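Not measured: the values here are computed from a predicted model. Lettering follows sequence order; numbering is per chain, from 1.
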Amino acid sequence: MTTTKNTYLYGLIAFIVMIVINFALWRLFFAPSHGVFKLFTPMYGLSLAACYFYSIILVADIFGYKNETGSIGKGVGAFISSIVVFYVLYYVFFWNVLGQFGVTYFSPQALIATGGTGLEIWNARENSSLAILYMVTALIFISTIWNAGFGNAPWDGLKQSTIGFSKFFATAFFAVIVYAIFFHPNITALFLPKQIFAGVLPWWEGTAMTASSFYHLGWMFAGMFFLMFLVDCMDGFPFQLFGGDDTSGSWIGGVVALVIAVVGGFIFMYIAEAIMNYYWYEPFTGGNYTDDPRFRHLHTAEIAAFFMLALLIVKVFFNNVFHPANKWLAAIVRFVVVVAVGLLVYWFYYSEVPGPVFVDRVPGIGNTDDTSLCWTIMSLALIMVYDKFFKASLIGK
Amino acid sequence: MKRRNFLKAMGATAAGVGAAATIGAPTKAFARSKTDIGECKSLKITVLTETSWFDNAQFKKDIVDNGGASTNQYDIPWDPKNAGGYSTLLEIEQLDGTVNKLLMDTGWSNEWMDYVYDRHGIDKMIESGEIDTMVLTHWHLDHFWGIESTLKHNDKIKMYGPATMYPEDEKLLYGGKNEAKGVVINKNDVPFKGELVKTTPKEFYKLYPGVAIKEFDVPILLRVRGENVVYVNVKGKGIVTVTGCCHPGLLTLYSTARRQIKGGDKIYGCYGGLHISLFENWDPKMDDIIKGAKAFNPKKMGCNHCTGWVWAENAAKAGLPIVKGTNEYKTYPRQSSVAKDTNVFLTNGDTVIF
């Protein structure tokens, strides 16, 4: 991104405006107690936020439709496109096509119609939302890997629309496989009796101490943080070594991205959970709140998302802060800054007063009716809308 | 890059990246010193009422229509016809044969609680001072909003409640009413004049030999925070937990006993709502609780209220020692819509001795 105005001053103004918009949006859509629509239940709100986040990635990074020239019309068009994509994906495709004619659990109405144990509007919608969250997570995970490593390969040089559709179908294909292996078994275990003919029992249970796919959510979010850091704070290193310019990539770059996402994700989870073990003792099967292994894995994802949010704040509003000649020094300093800002956001969310007032939550940690992911992902989406659709018009030109 | 080469190379490397090793938990947390809460001879529980509401679907509808699990309980115009309440009588026999009576929670509907107290003679026990202490487990409507039914028999009864109370709770406790969307949702015409011990997680509050309260400062649904749990150490048997809703989680209570109570590594049982399948749904987490509970090897588990019949039935099938109830509840004027003949709940009027 090229900027011609005082980056830090305008970034600071934009950041403050973003906080105000964030507060307003949260109160309008999600805030559970003082909100208007109160969609944070929590899974319904979380899946909505995640789905919109994916819609932005789809429009801007997969189809490449973003505002890099300062055209406000293009920015508005891309923004509206992302909303339309979100609506069609969530309410038309998942709820009324896939859920009604294919896989029951993607539609609350279809679930309720089965008359199964506990399947009334609340539980049915939460279960459907969890399934949609998982599917969208798989799509985001694969899309992030693809954009980081594969870039536009192997369709370089083709029309943008051709590249877009090719990348979409390729990423969707792999995402369906990721979903089937890592998430589908959790969903099939949500029902009584367990749907063992439709999906295997969660195969990771022995290792993760839970049947929940929050285990995979944890390392995938952590892996995505590393990829985002490499792309946004290290100018695409090491992927640019295999690609060339910032849009072309290579299969080697893609494989490297996949390895970094998986290995980095598990290393992050190992460190995060070791720290949690130190503070909260070791979790145990069947424990609640911070004793719950399921929560520990989810919390890994929550921490990674805080770091992702910090990363975007530092990069989008403050132009990565530090620009020495030595790229390794830059990387180290930026990493420290991102982690510090991420921890600050963590403290804010889980504090006794400011976070709970801002986000409209009861202070405390580990509540099954609460997850920071919804607010964090909504915040990520908000910054990405600004960065990809409007920043070039407001600051860049 | 040629597409053919791209796909070939990708296929050749795919197998090598899919199997990341999983990593176990690394460290032991630091240990804390243990508290000696003493011992008692036995504990008798009488289920005064565990039917906090009668129609599960209506209760869910009230919540869903007003925002969901985290919305403020004081913002919901609850259906007053659905209100019941949760309340328990604990009779603790000491080693010397004396018996202490302790009231846990005071229900929701005053009309229902007046009936329950009259049926079990609780009103007279409060008036006579036979019951002089009440443990309020938490500030949820079905455990607290019936406070007038207790205070009108003794407005100076000693109370233990979580320190994390809201202004609306104080308003009701000290004489007042609350409205939601123009509807009066609770009232108390008898201001509380006694001592309220505001509990925090920092300590065990010892009531009698072998009996102590522990507060767990956890966020729970309907914007409530914190829950008191009564730990009872029965000589020769072990620890029994008595809970209102058990939001912190049964196994967390057991684990806390092991870590923090002298002799707490011997778990005997539990009584109360266990907050597992409040709305009779299923989740792998509920399987986890069954597996986890088996690891603690409890001998006697009495459950009801927010436990979920579906969970209690599956737990009993899985071999957990679920104490079955009787049909006494059918002699009450109203019954819960989720009650079944399997009687895996200790229901209204049932007793259990630990």
Tell me, for A:N186 versus chain B, whether the close heavy atoms (under 4.5 Å) come from the side chain, the backbone, both or neither.
-> both
Looking at A:D370, A:T210, A:D369, A:T117, which one has more heavy-atom pairs under 4.5 Å with chain B than the rest?
-> A:D369
Quick one: of B:D283, B:N72, B:I289, B:T252, who has the most non-hydrogen atom pairs under 4.5 Å with chain A?
-> B:T252
Which bit of B:Y74 comes within less than 4.5 Å of chain A, counting heavy atoms only: side chain, backbone, both or neither?
-> neither
Part of B:D217 within contact of chain A (heavy atom distance under 4.5 Å) = neither
Relative to chain B, which segment of A:L119 carries a heavy atom at a distance below 4.5 Å: side chain, backbone, both, or neither?
-> neither
Any donor-acceptor N or O pair under 3.5 Å, side chains B:H140, B:E227 = no
Name the option with the most non-hydrogen atom pairs under 4.5 Å to chain A; the candidates are B:N56, B:D75, B:D287.
-> B:D287
So what's closer than 4.5 Å to chain A heavy atoms on B:N314: side chain, backbone, both or neither?
-> side chain
Cationic tip of B:R259 within the cone over A:Y281's six-membered ring, i.e. under 6.0 Å and within 45° of the normal?
-> yes
Have B:N228 and B:K214 got a donor and an acceptor in their side chains that come within less than 3.5 Å?
-> no
Name the member of A:A31, A:G364, A:S33 that forms the most heavy-atom pairs with chain B at distances under 4.5 Å.
-> A:S33
Are B:K291 and A:E205 ion-paired here, with the side-chain N under 4.0 Å from a carboxylate O?
-> yes
Most heavy-atom pairs under 4.5 angstrom with chain A, which of B:Y254, B:F279, B:F216, B:W282?
-> B:W282
Below 4.0 angstrom, N of the basic side chain to O of the carboxylate: do B:K61 and B:D55 qualify?
-> no
In terms of heavy-atom pairs under 4.5 Å with chain A, which of B:A57, B:G67, B:S255, B:G292 leads?
-> B:G67
Considering only heavy atoms, which portion of B:L253 lies under 4.5 Å from any heavy atom of chain A: side chain, backbone, both, or neither?
-> neither
Looking at A:Y270, A:F268, A:F141, A:F226, which hits ring pair (Phe, Tyr, Trp, His ring centres under 6.0 Å) with A:W219?
-> A:F141
Looking at A:T290, A:I365, A:D292, which makes the most heavy-atom pairs under 4.5 Å with chain B?
-> A:D292
Parallel under 30°, tilted from 30 to 60°, perpendicular over 60°: which one fits the rings of A:Y134 and A:F214?
-> perpendicular
Side chain, backbone, both or neither of A:N123 within contact of chain B (heavy atoms, under 4.5 Å) = side chain
B:D288 versus A:T285, side-chain donor and acceptor atoms under 3.5 Å = no
Comparing B:G68, B:P284, B:G249 against chain A, the one with the most heavy-atom pairs below 4.5 Å turns out to be B:P284
What option among A:T41, A:L39, A:L190 has the most heavy-atom pairs under 4.5 Å with chain B?
-> A:L190
Salt bridge check: are B:R223 and B:E168 linked by an N-O gap of less than 4.0 Å?
-> yes
B:C270 pairs by side-chain contact (heavy atoms from CB on, under 4.5 Å) with which of B:V229, B:T241, B:I239?
-> B:T241
